[in-house]
Participant: 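Pasting a structure here, questions to come.
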Protein chains: 2
Amino acid sequence: MRRTPARRPTIKDIARRAGVSESAVSFALNGRPGVSEATRTRVRRVAEQLGWQPSAAARALSGEGAATVGLVLARPARTLGGESFFLRLVSGVQEVLSAHGLGLLFQVVEDIGAECAVHRRWWAEHRVDGVLVVDPRAADPRPALLDELGLPAVIIGAPDDAGRPLPDHGAISTLWADDTGAMASVVGHLHALGHRRITHIAGLPELAHTRRRMAGLRAEAERRGLPEVRSVTTDYSDTEGAEATRRVLAAPRPPTALVYDNDVMAVAGLAVAAERGVPVPGGLSIVAWDDSVLCRSTHPALTALARDTAAFGRHAAEELVALLAGGPARRVEDVTPQLVVRDSTAPPGS
Amino acid sequence: MRRTPARRPTIKDIARRAGVSESAVSFALNGRPGVSEATRTRVRRVAEQLGWQPSAAARALSGEGAATVGLVLARPARTLGGESFFLRLVSGVQEVLSAHGLGLLFQVVEDIGAECAVHRRWWAEHRVDGVLVVDPRAADPRPALLDELGLPAVIIGAPDDAGRPLPDHGAISTLWADDTGAMASVVGHLHALGHRRITHIAGLPELAHTRRRMAGLRAEAERRGLPEVRSVTTDYSDTEGAEATRRVLAAPRPPTALVYDNDVMAVAGLAVAAERGVPVPGGLSIVAWDDSVLCRSTHPALTALARDTAAFGRHAAEELVALLAGGPARRVEDVTPQLVVRDSTAPPGS
DNA sequence: GCCGACGGCTAATGCGCTTTAGTATGACCC
DNA sequence: GGGTCATACTAAAGCGCATTAGCCGTCGGC
């Protein structure tokens, strides 16, 4: 037989025990004026004794908001394979949210259309007070949707909606990493080593940061007078990363250095090099975007663009908290990822 | 200036537009008897027109439950490094939950004490109807806590609480993989290749599945008469995995085969072998528990114990949904992970 | 032709909290 | 001593929904 669970105490219980009205309890516990200090402390003590916690549902219903923020990840299951960036991001997000008593409602969906539907539903059901948006892309439908719904949001990863400024009457902040600067540092490092043929194995072409990295690469190559530098796009999976590597290395004048847009593809690329008998870094230099334990675990260890992903998540959460408190929308740039040089880059033909 | 967001329609709006009372609307939309078919369809149409969605807060407050389940991951940030198992699990969980209109409240905390506090708070705040529990361990305080709170739960990864049966009046189901059988298949494979000295680089010793794997290894080794088989424990991180590998390989009679409890450590171990000039699989065979893209991406590709992690998550979510619907607590064993033989295992000294 | 049953609906209550309006008490001032 | 005014509190309404009780008309049975 299933035991009936313990009943949760309500402010009514507190009111009875403390000998005051329910409203007095509410005032006392929320730091509102209208009760004496003596009563306030007495009520607080009783509440603590009873182990009272406010009912999130009741709070939300009486107009306080849901004390919850949403985060939906739109990725086909296939590309979730070796993904570790996201969990680190979320762990940073959580640190800040839980410090503010906010819950995180999380959902994984297949595509961006489904993501929009989730936002709509969350909004209609009063489930969230705001959302975090990841993987911004060119012609992204989400900023306009969230603006229409009046749902505060922080867009993680892009300075704007594909060049167009965001509608500034909405409560939408943006936070992004300096991909351009980071890419310049990568090209600088490789060029200094003597590389002139560099290929960038990029991620999904529709994502905003992919475009920024590709543009950054082109600009920096032009500045340095390197004509044989280009990008090819993939879906971030190990499979396409490996395939692209094979294709690129089989070309007539293959590149001497490869820059991968994530760690999973970089590791896959390293395996392709091994399989073809190309020594790394002697015959091919490899750089991974987004450092992770993987880059340190391979042999040779991979030169990588490192950033503190958890801190990135914390920043994003802080922006959202500020927005929820009624603060203005902001556009902030995070620190530039730093190139960590390890053993996978060296002068070509060394 | 911040625009005032669109107002969400309520059943009152529907009632007015449809010319019936609010209760009739509630009956109509929830499939309750008490309204004619004609009225029901009319109300449904109006609701759809208005884009109405029930307020989660109001539903929860009027006793329907929060339509949300919780999941807390207690892991120090340090060990989150290359973690990809969890996200795949969650993506499976989501498929089932969202099909039932359930949200997932997710939290990452540092340790199990904090996790218990989160469960208590969620319960007190009426935030969740049930929870999923991962990483069960020996002398786990969570089953008793959840039982006390009367919070339905599915414990993912262990058949019981360290041998003691769960209190069966609670609504706590368990779901676990057949670690013992899987370990037997690994030992069988290695033994058949001719290995007699096998070391198991295990994960955290306090986790229940680590214990089962260690016990499974001991039992199978005994059965086959292999005295030089043992386990060493780590924290699952690449660092400790690499360290353990170095220590083990430097011993007087080093093992000829290593079994790693996760993919991250297996990759780290592979790098250590490369660094020491030990050829894999010629000089050392490697098996990874939990297949992932990583195992396919390394060179040589790693022999691994594969299971469908998303399906595992789906099963867990299904059990929880059944529990929430009032079903009995169950104890179910998931399919046994299958050994996928790749290029990292071969006869010793080949 | 009367009674009871039943289908189809409305009114009213409650969930736990916040908030507004209102009341009692006492201090203070001319 | 009657007025104003703050202080400390209570009463009551409302958030959006589910649910219970109750109301009215109709139909079937005797």
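Since this is a predicted model, take the numbers as computed values, not measurements. Throughout, a chain's letter reflects where its sequence line sits, starting with A, and its residues are numbered from 1.
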Participant: Answer with base, sugar-phosphate or nothing: what part of the nucleic acid does B:Q53 contact at a heavy-atom distance below 4.0 Å?
Facilitator: sugar-phosphate

Participant: What's the separation between atom CZ in B:R331 and atom OG in B:S173, rounded to the nearest 0.5 Å?
Facilitator: 10.0 Å

Participant: Distance check, rounded to the nearest 0.5 Å: A:W122 atom CH2 versus A:E125 atom CD?
Facilitator: 10.5 Å

Participant: For A:P54, answer base if it contacts any base atom (sugar-phosphate contacts may also be present), sugar-phosphate if it contacts only those atoms, and nothing otherwise; contact means non-hydrogen atoms under 4.0 Å.
Facilitator: sugar-phosphate

Participant: Between CG of B:L320 and CG of B:L175, what distance do you get to the nearest 0.5 Å?
Facilitator: 11.5 Å

Participant: With rounding to the nearest 0.5 angstrom, report the CG to CD distance, A:L324 to A:E319.
Facilitator: 11.5 Å

Participant: Nearest whole angstrom, please: distance from the P of D:dA18 to the NZ of B:K12.
Facilitator: 15 Å

Participant: When the distance from CD of A:E64 to C1' of D:dG14 is rounded to whole Å, what number comes out?
Facilitator: 14 Å

Participant: Mind checking if A:S55 touches a base, just sugar-phosphate, or nothing, with heavy atoms under 4.0 Å?
Facilitator: sugar-phosphate

Participant: How many whole angstroms separate atom CZ of A:F27 from atom P of D:dA8?
Facilitator: 13 Å

Participant: Is the distance from OP1 or OP2 of D:dA18 to the nearest side-chain N or O of B:R59 less than 4.0 Å?
Facilitator: yes

Participant: Taking the six-membered ring for Trp, are A:F86 and B:F86 ring centroids under 6.0 Å apart?
Facilitator: no

Participant: Once you apply a heavy-atom cut-off of 4.0 Å, does B:V20 come out as touching a base, just sugar-phosphate, or nothing?
Facilitator: sugar-phosphate

Participant: Shoot me the first and last contacting nucleotide of DNA chain C against chain B, ordered 5' to 3', at under 4.0 angstrom to non-hydrogen atoms.
Facilitator: C:dG8 to C:dG16

Participant: Over how many whole Å does the gap from B:L29 atom CG to D:dA18 atom C1' extend?
Facilitator: 12 Å

Participant: At under 4.0 Å between heavy atoms, what does A:T10 touch on the DNA or RNA strands: base, sugar-phosphate, or nothing?
Facilitator: sugar-phosphate

Participant: At under 4.0 Å between heavy atoms, what does A:S23 touch on the DNA or RNA strands: base, sugar-phosphate, or nothing?
Facilitator: base

Participant: Determine whether a donor-acceptor pair (N or O, by modelled atom type, separation under 3.5 Å) exists between the side chain of A:R137 and the backbone of A:A208.
Facilitator: no

Participant: Taking CG from A:L61 and P from D:dA18, how many angstroms apart are they, rounded to a whole number?
Facilitator: 12 Å

Participant: Look at the side chain of A:N30 and the backbone N and O of A:R32, then say whether any donor-acceptor pair between them is shorter than 3.5 Å.
Facilitator: no

Participant: Atom CG in B:L29, atom CD1 in B:I11: separation rounded to 0.5 Å?
Facilitator: 8.0 Å

Participant: Please classify the nucleic acid contact of A:G63 as base, sugar-phosphate, or nothing, using heavy-atom distances under 4.0 Å.
Facilitator: nothing

Participant: Using OP1 and OP2 only, check whether a side-chain N or O of B:R32 sits under 4.0 Å from D:dA18.
Facilitator: no

Participant: Using whole Å, what does the distance between atom P of nucleotide D:dT10 and atom CD of A:E22 come to?
Facilitator: 11 Å

Participant: Check the phosphate of D:dC9 against A:S36, side-chain N and O only, distance under 4.0 Å to OP1 or OP2. Yes or no?
Facilitator: yes

Participant: Relative to the 5' end of DNA chain C, which residue comes earlier, B:V35 or B:A58, by the nucleotide with the nearest heavy atom?
Facilitator: B:V35

Participant: Would you kindly compare B:A57 and B:A24 by the position of their nearest DNA chain D nucleotide and give the one closer to the 5′ end?
Facilitator: B:A57

